[in-house]
Amino acid sequence: MQTMLQHPSSYGVTQDVGKYSREKAAKLIRYFSARCSNGRVSVAVDDHNAITSTLPENMINYNSEIDPQQGIVRFSAPRTFPIMFRQEEFMVDGVFPDLA
């Protein structure tokens, strides 16, 4: 099962897991990414309330920006360098994986 969940070019099984999780009202999913070679756990958030705090010391405003002309997505928190992703980082052999 883990091999199917980490398939590098097909999201079919992961889409099914996401659909099932949403039907069961899961707010977030922890998983090992097929594209992350260091073995760290990734998180998919379906309900932002799962990671939202009402305590001022835990609140951080993030900016997100999409540049469709350059194919870049940027995320940044105050006083930090932005994290950027290029669309090529999500491609396998030059094409986007099948979504299911």
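Only a predicted model underlies this, so the values are computations on that prediction, with no experimental measurement involved.
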Within one Ile-Leu-Val-Met-Phe-Trp-Tyr cluster: Ile66 and Ile83, side-chain cutoff 4.5 Å: yes
Side-chain touch Gln15/Lys19, heavy atoms, less than 4.5 angstrom: no
Backbone N/O of Ser76 and side chain of Thr80: donor-acceptor pair under 3.5 Å: no
Heavy-atom closest pair, residues Tyr31 and Ala44: CE2-N, 3.7 Å
Same apolar cluster: Phe85 and Met91, side chain cutoff 4.5 Å: yes
Minimum-distance pair of heavy atoms, taken over all atoms of Val45 and Leu28: CA-CB, 4.2 Å
Stepwise side chain to side chain contact (heavy atoms under 4.5 Å, CB included) check, Val43 with Arg30: CA-CA 5 Å; Val43 178; Arg30 292 172 37 162; 4.2 Å; yes
Close side-chain approach of Ile72 to Arg86, heavy-atom, < 4.5 Å: yes
Least distance between heavy atoms, Ser21 atom then Ile29 atom: OG-CD1, 3.5 Å
Whether over 12 other heavy atoms sit under 6.0 Å from Asp93 CG: no
CZ-CD distance between Phe75 and Glu65, expressed to the nearest 0.5 angstrom: 10.5 Å
